[in-house]
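First comes the structure, then the notes that go with it.
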Amino acid sequence: MTLDFLGTLQRTHTCGELRTTHSGQTITLMGWVNRRRDHGNLIFLDLRDRTGITQVVLDKEVSPEAHAKAEAARPEYVIAVTGVLRNRGEGLANPNMPTGDVELVAHSLLLLNDAKTPPFSPAEDAIANEEVRLQYRYIDLRRAEMQKNFLVRSRVAMAIRNYLVSQGFLEIETPFMTRSTPEGARDYLVPSRVHPGHFYALPQSPQIFKQILMISGFDRYFQIARCFRDEDLRADRQPEFTQIDLEISFPQMSTIFAVAEGFLHAAFRAAGIELPDEPFIQMTYDQAIQKYGIDKPDMRLPAMVDLSATITPELRESLKIDPTLPILGFTIPRVSTLSGTQRRGLVDEIRKFFGDSGLDFLDVARLRTNATFVPLAETIEGRLSAEMSRFNGVSHTSEDLAVVITPKPGTPAMWNYDPQWIYKRIGALRLELAKKFADKHKLFEQTQTAADFKFLWVTDFPMYEWNEETKTWDAAHHPFTSPHEEDIKSGALVNDKGSVRALAYDVVLNGTELGSGSIRIHRKDVQSEIFRSLGMSDEEAKARFGFFLDALEYGTPPHGGIALGLDRIVMILAGAQSLREVIAFPKTAKAIDLMVDAPTTVSDAQLRELSLRTVTRS
RNA sequence: GGGGACGUAGCUCAGUUGGUUAGAGCGCUGCCCUGUCACGGCAGAGGUCGCGGGUUCGAGCCCCGUCGUCCCCGCCA
């Protein structure tokens with residue numbers, strides 16, 4: 001088969017834009033053959049570009065040459081068609097496609113390029129195995145769904161840029177090759193040729209640079225920044241990902257919240273969703289743990305209810321439940337009435353979930369079978385009903401699944417758990433059951449309206465985390481996060497690290513952490529004190545962050561900021577279940593790029609130039 | 001590092017208790033067809049059952065190992 005040269009031909013329109021108003025015009029389209037329907041002397045080609053599909057008609061009587069070329073055309077061939085647009089006749093229109101009222105009657109057709117039969121068809125709705133999709137990513141990206149995802153991504157990024165620029169932010173780039181810092185995630189390292197044995201690290205985030213920019217007087221900085229972390233992956237974690245990173249001088253927390261909410265409104269508007277014009281709700285970390293058992297609550301589900309007050313001390317005594325431990329209940333809405341078998345299965349499942357952890361399912365239905373406990377059952381159900389009512393304005397019904405978890409009776413002495421551990425464990429069960437019954441309660445379904453998106457701020461994270469392995473206090477956020485000023489004044493930094501609250505906050509959407517930030521430390525003396533409280537000697541701190549400590553001494557303004565995951569925002573807006581759906585060239589769970597086949601070994605010559613030698617680990 | 005699911009034609013999948021020549025749909029190839037739009041009709045090609053080893057008279061199926069993809073835990077300041 002002979003391919004045609006393009007010559008000076010230019011396309012006049014795109015495949016998605018033609019309507020009856022264009023009828024009668026001579027039009028040139030270029031694109032890919034989506035499907036071919038060959039009726040002998042009449043051939044239909046669906047011509048596709050990223051904007052849509054237009055039906056092209058090849059009539060042997062109109063142009064035998066064009067018709068002959070269409071006979072040779074196959075799916076994914078690249079062609080140019082020139083012809084006259086006409087309205088389809090009565091009964092011939094296709095109401096299922098935007099261009100379905102018109103068709104292009106081809107007078108000439110150029111075969112610009114042929115194509116091997118692709119391993120899977122971008123025209124099909126059924127999607128192939130992800131391994132094949134990633135290997136042939138260029139074909140996968142032709143699918144309408146993927147094209148849509150990247151259109152959303154581009155628009156969202158642009159909307160955020162526009163918003164931040166309108167708010168006085170400067171976009172400033174920071175290095176990709178920087179210095180390794182021992183904290184946090186593992187670094188991706190880049191060997192230096194010029195300095196044998198020395199390495200750059202790819203940034204886990206532009207954290208220190210953006211703080212330096214504040215010191216430099218750029219009082220509002222932002223960047224759509226690539227970040228790199230060498231940790232194991234998940235559906236919502238890629239080794240390189242994109243953050244909307246920003247920092248503000250002289251802020252209150254509320255300043256940063258307002259900016260972040262502002263650009264989220266703009267981003268959602270760009271995706272066609274108008275969020276309500278009211279501030280996101282806020283709760284402290286402690287409240288989040290107690291009400292949702294997690295630091296990123298999914299507000300599409302009712303909260304947990306503390307039933308401790310419902311169980312009288314006498315009852316606790318008789319049930320042998322430690323009086324200091326919480327008893328929690330929660331409701332999964334609209335699960336529908338369970339049969340006896342289903343109920344027993346569920347109880348087994350819950351007991352299995354808790355294993356020998358010392359938590360147990362309290363079956364309210366069984367309480368009702370014993371006259372002594374009927375009032376208790378009623379009180380418990382009343383409390384759960386109140387939460388349901390608060391949640392969605394409708395009281396608890398028998399269709400809703402009520403779950404009550406107690407510390408297992410009779411083993412109080414074995415308990416030395418932190419109550420927080422119990423909240424978290426039960427919170428995990430809440431999510432587990434919500435996922436299990438997602439089909440029933442439908443609260444996770446997306447209708448792409450504002451009501452689907454439940455935002456909140458979680459504030460006052462703990463400053464320190466106890467590291468059981470090293471028996472030390474680690475920074476829960478990062479070591480540049482400012483504690484509450486009162487917690488510095490009170491001496492808690494030294495005396496009671498567990499109680500110190502950080503001026504750190506997360507923005508959470510539907511149980512996903514979208515972003516995280518903090519007010520930073522701007523005083524050298526406080527920064528040094530924090531390093532010391534983390535068990536870092538002055539010498540160590542100097543060795544690791546000397547340049548930064550130096551910079552702090554030259555007039556550092558109070559500052560703070562936040563970074564939000566662009567990939568996650570787009571993923572949620574696209575209704576996707578994985579970041580790979582919104583990253584053009586993502587990596588697999590083992591951090592491999594199946595298309596380019598990276599990483600690879602390199603030649604000995606390359607290694608020698610870098611003064612490197614590889615060793616095989618046993 | 002740990003747990004789980006999956007791997008059979010280009011794609012999506014079926015394959016009985018281990019038993020003759022491993023199937024289907026889509027796609028592909030050829031021929032026919034002037035109103036289709038997931039066109040239709042006829043004919044056809046296409047398989048290292050992920051890979052290696054074992055058990056067995058006999059393995060897609062059982063066992064051991066290994067590789068790959070996905071999900072989860074750990075990890076991700």
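Heavy-atom basis, side chains included; hydrogens, waters and symmetry copies ignored. Sequence lines set the chain letters: A, B, ... in the order given, protein chains first and strands last, and positions in each chain run from 1.
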- Query: Going through the distances and angles, do A:T174 and A:I208 end up as a side chain to side chain contact (heavy atoms under 4.5 Å, CB included)?
  - Reply: CA-CA 10 Å; A:T174 53; A:I208 290 184; over 6 Å; no
- Task: Please step through side chain to side chain contact (heavy atoms under 4.5 Å, CB included) for the pair A:C15 and A:L47, ending with a clear verdict.
- Result: CA-CA 7 Å; A:C15 295; A:L47 190 60; 3.9 Å; yes
- Going through the distances and angles, do A:L58 and A:E71 end up as a side chain to side chain contact (heavy atoms under 4.5 Å, CB included)? CA-CA 9 Å; A:L58 286 298; A:E71 274 187 327; over 6 Å; no
- Task: Take A:E513 and A:K296 through the salt bridge (charged side-chain N to carboxylate O under 4.0 Å, His left out) test and state the conclusion after the steps.
- Result: CA-CA 6 Å; A:E513 180 198 316; A:K296 44 180 183 181; 5.8 Å; no
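In this structure, A:H39 atom NE2 and B:A38 atom P are separated by 11 Å, rounded to whole Å. We find that CZ of A:R36 is positioned 13 Å from C1' of B:G27, with the value rounded to whole Å. In this entry the distance linking CG of A:L233 with P of B:C73 reads 13 Å, nearest Å. Regarding A:L579, its CG atom lies at a distance of 13 Å from the P atom of B:C70, rounded to whole Å.
Of the C1' atoms belonging to B:C62 and B:G23, the separation is 23 Å, rounded to the nearest Å. The C1' atoms of B:G44 and B:U55 are separated by 41 Å, rounded to the nearest whole Å. Comparing the P positions of B:U17 and B:U36 gives a spacing of 47 Å, expressed to the nearest Å.
Contact annotation for A:D59: base contact, defined as any heavy-atom pair under 4.0 Å involving a base atom. Heavy atoms of A:E465 sit nowhere under 4.0 angstrom from any nucleic acid atom. Heavy atoms of A:R580 sit under 4.0 angstrom from primed sugar atoms or phosphate atoms, though from no base atom. The residue A:R86 sits close to a base: some heavy atom pair falls under 4.0 Å. Within 4.0 Å of A:A428, counting heavy atoms only, lies no atom of the nucleic acid at all.
With no hydrogens or angles considered, no side-chain donor-acceptor pair links A:D49 and A:T14 at under 3.5 Å. Checking A:Q55 against A:R37 by side-chain atom types alone, a donor-acceptor pair falls below 3.5 Å.
In this structure, A:R425 is positioned above the aromatic face of A:F353, its NZ or CZ under 6.0 Å from the six-membered ring centre and within 45° of the axis.
Among B:U34, B:U36, B:C28, the nucleotide with an atom closest to any side-chain atom of A:R88 is B:U36. Of the listed nucleotides (B:C37, B:G35, B:C76), B:C37 has the atom at the smallest distance from the side chain of A:M97. With distances taken from any side-chain atom of A:L594 to the nucleotides B:C37, B:C75, B:U69, the minimum falls on B:U69. Taking every side-chain heavy atom of A:I592 into account, B:U69 is the closest of B:G35, B:U69, B:C71. Set against B:A38, B:C76, B:U34, the side chain of A:L42 has B:U34 as its closest nucleotide.
Of the nucleotides present, none pairs with B:A38 by Watson-Crick or G-U wobble criteria with both distances under 3.5 Å. Pair assignment for B:A59: none, as no Watson-Crick or G-U wobble contacts are both less than 3.5 Å. Pairing partner, B:C75: none, since no Watson-Crick or wobble contact has both distances short of 3.5 Å. The partner of B:G7 is B:C67, by the rule that a Watson-Crick or G-U pair needs both atom distances under 3.5 Å. With a cut-off of 3.5 Å on both Watson-Crick or G-U wobble distances, the partner of B:C13 is given as B:G23.
Look at A:R37 and you'll find a side-chain N or O under 4.0 angstrom from OP1 or OP2 of B:C39. Phosphate proximity of B:C39 to A:R35: present, with a side-chain N or O under 4.0 Å from OP1 or OP2. Regarding contacts with the backbone of B:U29, a side-chain N or O of A:R74 is found under 4.0 angstrom from either OP1 or OP2. In this model, the phosphate group of B:C73 is not approached by any side-chain N or O of A:R237 to a distance below 4.0 Å at OP1 or OP2. Remark: A:K590 is in phosphate contact with B:G68, judged by side-chain N or O atoms under 4.0 Å from OP1 or OP2.
Below 30°, between 30° and 60°, or above 60°: for A:Y188 and A:F228 the angle between ring planes is above 60°, a perpendicular geometry.
Each of A:Q204 and A:A235 was matched to the nucleotide of RNA chain B holding its nearest heavy atom; the match closer to the 5' end belongs to A:A235.
Between the base of B:C70 and the side chain of A:R234 there is no donor-acceptor pair shorter than 3.5 Å. For B:G74, the base has no donor-acceptor partner in the side chain of A:E231 [N/O atoms by modelled type, under 3.5 angstrom].
The ring of A:F545 has its center closer than 6.0 angstrom to the ring center of A:F531.
Classification of A:R234 and A:D236 as a salt-bridged pair fails, no side-chain N sitting under 4.0 Å from a carboxylate O.
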Which atom pairs link the protein and nucleotides 8-12 of chain B when you take only N or O atoms and keep those under 3.5 Å?
{"unit_1": "B:G10", "atom_1": "O2'", "unit_2": "A:P119", "atom_2": "O", "d": "2.8"}
{"unit_1": "B:C11", "atom_1": "O4'", "unit_2": "A:P119", "atom_2": "O", "d": "3.1"}
{"unit_1": "B:U12", "atom_1": "OP1", "unit_2": "A:N129", "atom_2": "N", "d": "2.5"}

Short heteroatom pairs, N/O only, protein and nucleotides 40-44 of chain B, under 3.5 Å:
none

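Considering only heavy atoms from C-beta on, A:H13 comes within 4.5 Å of A:L18 through its side chain.
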